[in-house]
Every structure is written in C-alpha cells, then in structure tokens.
J.: 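Below are the structure tokens for one structure; questions will follow.
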Amino acid sequence: MFGKLANFLHSILDSPNGDTRRPVVNGHFESNIPGLFVIGDLAGAPVVKLAMAQGSQVAEHIAAQPDAKAASASGDPNRFDLLVIGAGASGLNAALGAQEHGLRVIVLEKNRIANTIEDFPEGKWIYAEPESMPPVGKLWLEGASKEDLLARWGQAISEHHLEVRTDEGVTGLTRRKDGGFEIRTDGRAYLATRVVLATGQRGNARKLNVPGEDRENVHHRLYSPKHYKDEEILVVGGGNSAVEAALALAEQNRVTLSYRGPEFTRVFKDNRRKLAAAVESSHIRVIFRSQVKHFDDGTSALEVEEGGVTPVRQVKYDRAFVLIGAEAPAEFLRSLGLGLEGDWTGNPLLAAALVIATFVALWYLGAGYLAGGVLAAASFGSLVYLGVRGSRFAWLGVTFAIAYTIYGVKQAANFEYWPFRGWGAHAFAFFGRPWSFWYTVLYTLVMTVFGIQAMKRWGIDKHDRFQVWRYVSLIGFQWLFFFLIPEFLFQYAVQYQWVGHKLATDPTFAGQAWRSYGLIYAWPLFFYTFLDSPNQVWIVWGALLAFVIIPVLVLFHGKRYCSWICGCGGLAETLGDRWRHLAPKGKTARQWESMNTVVLWAAVVVTILLLGRDAVTYFRKPAGVGAEYYHLFADVWLVGILPVSLYPFFGGKVWCRYWCPLAKFMQILSALYTRWGVSRFAIQSNDKCIACGECSRNCQVGIDVMQFALKQEELNNANTCCIGCGICVTVCPMDVLSFTAARSDSKLVQIA
Ligand SMILES: Cc1cc2nc3c(=O)[nH]c(=O)nc-3n(C[C@H](O)[C@H](O)[C@H](O)COP(=O)(O)OP(=O)(O)OC[C@H]3O[C@@H](n4cnc5c(N)ncnc54)[C@H](O)[C@@H]3O)c2cc1C
Ligand code: SF4
Ligand code: SF4
C-alpha cells in the first residue's frame, strides 16, 4: 500500500524531463559548484553552432575573472588555469578561446577528438544551423561533410597548439580547499583553478545488458556500413539510427531488424518510406515485439510476443548492431556533485512540519499573541534558509505558504481560511483598499515584470515578432480587462454615464463591477456571468462570448486564448515561464489531463442547478452545496493555491492543462473541427529534425513535439492539448516547425 503510494508520488514528482535533466547553471554557465562550468549539449545547446557559442561565452567570462591566470602565474607546471572535459564543439571552442586570452589550458577527451561527430556515419552532412546566427570562436563551421569539418578542426587545434589528451576520460573530481579542483582520470590526476564540463549527452551507448553482448561481433555503433559484405546482420533498435543502419547495411548484406515495439513511431517519414520499400523487396526482415535474450555463437535468441505468448526464436547472425540510443549521463553528473534540475532534495517531513508550524504560529498571532508573529517569522525563515541551502522540498513549502496566504486572505471578511479567519482581511487591507484590490495590483505587476523578461527571452533576443506580440497581448489584456476596467474604468463608466443613462442608473448593472471580468472570461471558466439576477447585457454578452466568439476563435486559432488572452494562462506564461521545461512529460502525465473533463462536467452541472433553482425547488439544496464546493475546489484550490505553489516544480500550466474547464471546452471544439477537416490550426514539420528535443523540453503543456517532428506528423488539438504558444517553433534550431496555413482540404478554403 505504502509502496504503491510512494511509487505514485515518485511518478508525479519525477515526471518533468525524466532522464534528460540538465545540470542547474547560472547565466554564466556556472554550476552549483563554484568554478565548475557546464556547456554545450549538456547545458541545452542542441546544435554545433550554439554549442560553439557557449564555449566562447564561457571562455570570455572565465578570462575576465581576477584570478583567471593564477595557476600559470604561479609557475607550477602541474597546475592549469582551465581544464576542459570533452573535446567536442563546445569544449574545443572554450579551450581555444581561453588560450587566446593567455590562460594555461588542457583538454581531456575520453575517446577521439569530436567523438560525437566522428561517430556519425561516413559522409554525413553537418548542417550549420541556425542560419540567422554567425559562428563564433576559433572553430570553423559551415554546412559540410563530417570529414571536411573534422579536418578543419584538427587544423585549428594544431595551429593553436592546443593540448588535447585523447583516450583519457575523466572519472571524478574534487574541489580542493584552495578553491581549485583535482580532476581524476584512470591513472592520473590534474590540478586546475577552473573546470569546464563539455561532455555532451551522447557519450554512453545504451546497452541491452543481456549475456553475450560483449562479444567481438556485437557492436554499439555503426561507423562504416560499406565495410560489411554478404553477412547475416542483426540490427536491434527502433529509432532513426537503427533504421538508417539497417538500410545502409542492407545494400550488401542480409539484414534482420529487431524492435521491441509494435511499430516504428520515432522514425523520420523518409526513413519509414525507405524501410517499407526495403521490406517489400525482402532486403530487410523486421521482427516487431521482439527482445534479444542472449547472443550465442552464430545465433541470437529473440523472445517474440505473438498473440499473448512469447516463443523464443533463434536468429542467425554473423554480426549484430545494438543501436538503442545513449544513456543519459545523469549518474555521472551526480557523482561529480552537480545539482540537476528537477531533483528532489531535502527532507519533505521537515519542510511540512515548518509549514504547519508557520500557520499554527499565525493562528496564535490572530488570537492576539504577538509571540505568534515572531514564531511564524522564525519558522518561515527556517524554510527559506533550508531552501537556500538546497532543499527543494523547503522551496515547495515556501511557495505553498505564500500561495495559501494570498488566497486564504482574499476571501470576504470573516470567511478567510484558517488561520486567517476573522482577522486576515482586515490585516491585509492597506490604504483603505481590500486585499482583493492589492492582489490584483500584485498580479498585474508580476505579470508585467516577468512578462517583459519572457518577451525579451523569446521575442526580442530571438528576433521573433510572434512572441513579442504574444506577450504584448497577454500584458495588455491583463492591464485593461483584469485590472483597469474592474477596478477603475467600470466605476467611471457608470459615474460619467459612458454606458448610457439607463444602464448607469440600473442597480443590477451599476453596482456590480465584478461582472466586468465576464467581458473576457467566458463560461465555463466564469459561470457567475449568468448567476444572481444579472442585467440582460451580461447574459447576452456571456452567451455570445461562450457560444459564438470562443468557438469562432477556436476554429482559427485552436486554444490560443490560453496563451494570448487569459489572465490565468498569462501568469503561467510570464511568472511561470522560467520553469516551463519542468512541465510533466510522458504517458502518466498525459493521462492526468482527463481531470479537466471532471471539472468541466462539474461546472456544467453546477450551472444547470443554479440556473434552475428558482424554477425547480428540488434543485435548491444541491445548487447551494454544489456552488460552495465548486468555489472552494475549482476557484480557490485548483486555479489558485495549488498551481501557483507548483509553478517552480511543474511549470506554469498545471491549472490550464489539468483542471481548467474552459480549456477543456476549447479542446473539445478544436478536436471536433480538426476531425471535420475545417480547423485552421495545426503545427507541421519539415524533414530537418535532428532530434535535439528542445521543442519537447520547452513545451509548457508537456507535449512531446519532437515525436511529431520526427514523423512529420501534424500536431493539432485532436492529438494534443497544444495551446498555440509557438515556443516550440521559436526554440527549434533547425526551423523544423511552423504553424500551418489553412488545410487544403478545408471547406473554408474552398469557399474562399
Ligand atoms: C544524429 C545526430 C545528428 C546531428 N546533426 C547535427 C547537424 O547536422 N548539425 C548540428 O549543428 N548539430 C547536429 N547534431 C548535434 C551535435 O552533434 C551536438 O549539438 C554537438 O555535438 C554538441 O557539442 P558538445 O561539445 O556539447 O558535445 P559533443 O560533441 O557530444 O562532445 C562531447 C565530448 O565529450 C567527450 N566525453 C564524454 N564524456 C567524457 C568524460 N567523462 N571525459 C572526457 N571526455 C568525455 C565525448 O567523447 C565527446 O567527444 C546532431 C546530433 C545527432 C545525435
Ligand atoms: S506544442 Fe508548441 S505551440 Fe503547442 S503548447 Fe507546446 S510549445 Fe506551445
Ligand atoms: S523539431 Fe524539436 S527536436 Fe527537432 S530539431 Fe526542432 S527543436 Fe530539435
């Protein structure tokens, strides 16, 4: 029972990014260990040009430090100013850059120079994307074959006399008392003032871990397919590298491709087409749902799932290639002491105890004991202290305490939540304005400040006008419709009769500024528009918005309401933006999305009960109870306390993705339009995806965009909960993704 619960909690807590977690670094790529920098693929640079750029930046930063040349100045021949681990694009550029600034530098490389690129098959073309950015640093880069590129890099290394020690993998490092590092390889140790870790993500080929896998004729890489002729070859794997290997080997050999899945879901469209042709012409035999159990001399045993049974088949082979991807280097990184994003650290029970202690102390404060205030400050201060010392559970406690206080106090006077009941609303009212007003001010300011930051990050820095306009829209809607109108303009409109004499003097309109939230918030997110004897204007507008404007918007823009207009989504896109990569990923995370169906149904039922309670006496009691619970669960906990507490841990879109009934309503509409062939919203891909994963990583609703890109399959609201934020399009270094124009088979286009 407890084991199951623990596994369930584990599956939730660990869902963001799984094994692909990156080390936590600051703006200068410095990790949690001062003096240890992480760059390149490992720090999120998905292509050679960006990896090179990070190398140059880190070299500039290190060279600018006052003690940058302390080791070389000491004259000690055994000490280096900078030791770079990994001779790939980023590491080499960092080393060359630092050396140019006069630092004493050494590079340690586990295999060969630029091993990742060396490992690509012969003649592979290296794209020099993104085109809009020039290459920086001492390494040469243009679109070229891998052989040309590597020859140029070799030349640069010898011309600049850079010391690179190959076949010398780093196994560990320790920070010394003098602030420098001792770096260990098998058999040697080095001393350096600073270390740059540039080991990439592709280092360790994943293994099957079955008997016989260490035989000489079982390989984990394919370098040169042309070297093999007239052999029985077994290829194991279901990704592009396995399929490409099988295709190349099939030109001169008899190839069997074993894959454990029922179909190839992660393979380029072009590769799938070529594979189908090769299977058709009997050049390749594919065995789906098969798992290698062991490799023997000349035969391998494959367990094949067939109609519920799993017989073992013997497959002849002269040579086998196991191409099932690379191991994430998470364990190696942790062994160095690096903090990885999303790692749960600290003591959860201690964090929970401190949160409870904070609120109990606040309760005493509310009862008039001033010591309660001191105790609350001490408990909360301890939480923050533990957080600063590295406890992630303590930060969760901090964010929960803040969010709960904000929403607990925001209730009407004497209806505040424990421990604020009876005193919170009064204590948090400033300058004659209630806390709900200051909450709106705070919300708007936070959205503005973090919105401008996000606009700079995605729009201005990346020269992306779509993102600039998106953030202008989000901030603009917040200021006008969720702050200025309800707090000021509505009152002026009534006072100066901008809405006409009749409305301005109608008590069902004039005294109800809160209804102006319904100008933008549509049913079922804001069903209060239709409740408590509203003026007819609100009923007409509410119905028009929910049942005409929103459906038309969805037809053309899918769920862009969530990423361009809505205030809830707006806070997620601005304050929550820095944690967007932590959105839960994977199958379980997607299954949780069905929770918003439950909330949508609850909203429908409560609306019907409330609207019908005057006519049907039987509805009265359930209507009251339903409205109370819906308010408590949906309007307070699910939209406010929980998602805001979880921003730094699961990204900003917890409410929008899992619980918002309006998002679900739009999802249903958009999926229907897509199925009917009339939707004008989708994302399409070209064939240039290099599987870097940046799009999937940055999708704040956890969509595995890369899988769509690899298959060049259209991404829409029939197959995902995409909200059209366009961040995947913006971050893709290969310009693979784009929003589609209208579908060619759409009826609307035919009419046009
Ligand atoms: C199939 C595929 C196709 C691609 N095509 C392109 C393309 O066309 N254009 C493009 O721009 N990008 C492409 N990429 C991405 C590109 O390869 C990477 O972005 C780039 O290599 C990252 O550089 P890096 O320096 O961070 O890491 P890497 O190039 O991976 O270099 C890391 C180095 O560190 C070494 N190392 C690892 N562990 C240790 C250790 N413990 N001690 C010492 N050394 C160690 C490794 O042996 C390796 O040499 C492609 C990637 C793949 C997988
Ligand atoms: S798939 Fe792309 S556009 Fe859609 S929500 Fe994710 S990042 Fe935004
Ligand atoms: S589509 Fe995604 S995985 Fe493919 S290159 Fe672009 S960002 Fe990388």
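Remember, it's 1-based here, ligands and their atoms both numbered in the order they're listed. Here, residue 1 is the first one in the sequence, and each next residue gets the next number.
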J.: Under 4.0 Å from a heavy atom of Asp41: which atoms of ligand 1 are those, numbered in the order shown and with their elements?
T.: 22 (C), 26 (O)

J.: Distance under 4.0 Å to a non-hydrogen atom of Val170: what atoms of ligand 1 satisfy this?
T.: 40 (C), 41 (N), 42 (N), 43 (C)

J.: Once the angle between the rings of Trp564 and Phe466 is folded into 0 to 90°, is it parallel (under 30°), tilted (30 to 60°) or perpendicular (over 60°)?
T.: perpendicular

J.: Does Arg590 form a salt bridge (Lys or Arg N to Asp or Glu O under 4.0 Å) with Asp704? I'd like the steps, not just the answer.
T.: CA-CA 10 Å; Arg590 274 200 310 280; Asp704 197 349; over 6 Å; no

J.: Measuring to atom 4 (Fe) of ligand 2, does Cys722 have an N/O/S atom at a distance below 2.8 Å?
T.: yes

J.: Start with the C-alpha gap between Arg175 and Glu182, add the side-chain angles, then the distance that decides, and say whether salt bridge (Lys or Arg N to Asp or Glu O under 4.0 Å) holds.
T.: CA-CA 6 Å; Arg175 193 145 194 264; Glu182 183 187 285; over 6 Å; no

J.: Can you tell me if Arg470 and Gln467 form a side-chain donor-acceptor pair at under 3.5 Å?
T.: yes

J.: Please report the C-alpha distance between Glu244 and Asn271 in whole Å, then the side-chain angles of each, then the deciding distance to 0.1 Å, and finally whether the side chain to side chain donor-acceptor pair (under 3.5 Å) criterion is met.
T.: CA-CA 7 Å; Glu244 278 174 22; Asn271 282 339; 3.2 Å; yes

J.: Would you mind running through ligand 1 and noting each atom that sits below 4.0 Å from a heavy atom of Val47?
T.: 10 (C), 11 (O), 12 (N), 19 (O)

J.: Compute the minimum heavy-atom distance from Ile683 to ligand 2 and say whether it is under 4.0 Å.
T.: yes

J.: Which part of Ala198 is near ligand 1, with near meaning a heavy atom under 4.0 Å away: side chain, backbone, both or neither?
T.: backbone

J.: Taking only heavy atoms of Ile126 into account, list the atoms of ligand 1 that are under 4.0 Å away from them.
T.: 8 (O), 9 (N)

J.: Is there side-chain contact between Lys559 and Gln667, with heavy atoms separated by less than 4.5 Å?
T.: yes

J.: For residues 83-91, tabulate all N or O donor-acceptor pairs below 3.5 Å that involve a side-chain atom, not counting sequence neighbours.
T.:
none

J.: Select one of side chain, backbone, both or neither to describe which atoms of Leu108 lie under 4.0 Å from any atom of ligand 1, heavy atoms only.
T.: backbone

J.: Could you identify the single nearest non-hydrogen protein atom to atom 8 (Fe) of ligand 2 and state the distance to 0.1 Å?
T.: Cys725 SG, 2.3 Å

J.: Strictly distance-based, threshold 3.5 Å: is any side-chain N or O of Thr740 a donor or acceptor partner for the main-chain N or O of Gln684?
T.: no

J.: What atoms of ligand 1 come within less than 4.0 Å of a heavy atom belonging to Gly200?
T.: 27 (O), 30 (O), 32 (C)

J.: Going by distance alone, is a donor N or O of one side chain under 3.5 Å from an acceptor N or O of the other, for Gln712 and Asn686?
T.: no

J.: For the ring pair Phe556 and Phe681, is the centre-to-centre distance below 6.0 Å?
T.: no

J.: Is a side-chain N or O of Asn698 found less than 3.5 angstrom from the main chain of Glu694, in a donor-acceptor match?
T.: yes

J.: Please identify which atoms of ligand 1 are closer than 4.0 Å to at least one heavy atom of Asn111.
T.: 47 (O)

J.: Show me which atoms of ligand 3 lie under 4.0 Å from any heavy atom of Gly693.
T.: 3 (S), 8 (Fe)

J.: Has the side chain of Asn596 got a donor or acceptor atom that lies under 3.5 Å from a matching backbone atom of Arg657?
T.: yes

J.: Does either side chain, that of Tyr190 or that of Glu168, offer a donor lying less than 3.5 Å from an acceptor on the other one?
T.: yes

J.: List every atom of ligand 2 that sits less than 4.0 Å from any heavy atom of Ile723, numbering the atoms from 1 in the order shown and giving each element.
T.: 4 (Fe), 5 (S)

J.: For ligand 1, find out whether one of its N or O atoms is nearer than 3.5 Å to an N or O atom of Ile39.
T.: no

J.: Ignoring hydrogens and geometry beyond distance, is a side-chain donor-acceptor pair present between Asn716 and Thr674 at under 3.5 Å?
T.: no

J.: Identify the closest protein heavy atom to atom 3 (S) of ligand 2: which residue and atom is it, and at what distance?
T.: Gly726 N, 3.1 Å

J.: Between Ile183 and Thr174, is there a side-chain heavy-atom distance shorter than 4.5 Å?
T.: no

J.: Taking non-hydrogen atoms only, is Val701 closer than 4.0 angstrom to ligand 2 via side chain, backbone, both or neither?
T.: side chain

J.: Counting only heavy atoms, which portion of Val729 has something under 4.0 Å from ligand 2: side chain, backbone, both, or neither?
T.: neither

J.: Examine distances only and state if a side-chain atom of His160 and a backbone atom of Ala156 form a donor-acceptor pair shorter than 3.5 Å.
T.: yes

J.: Closest by any non-hydrogen atom to atom 47 (O) of ligand 1: pick that one out of Lys110, Met52, Glu109, Lys49.
T.: Glu109

J.: Using a strict 4.0 Å cut-off to heavy atoms of Gly40, name the atoms of ligand 1 that fall inside it.
T.: 26 (O)

J.: When you measure from atom 6 (Fe) of ligand 2 to every protein heavy atom, which one gives the shortest distance, and what is it?
T.: Cys699 SG, 2.3 Å

J.: Just which atoms of ligand 1 are under 4.0 Å from any heavy atom in Phe332?
T.: 41 (N)

J.: Which residues and atoms, counting only protein N, O or S, are under 2.8 Å from atom 6 (Fe) of ligand 3?
T.: Cys732 SG

J.: When you compare the side chains of Arg104 and Gln99, does any donor N or O come within less than 3.5 Å of an acceptor on the partner?
T.: no

J.: Judging by distance only, is a nitrogen or oxygen of Glu168 under 3.5 angstrom from one on ligand 1?
T.: no

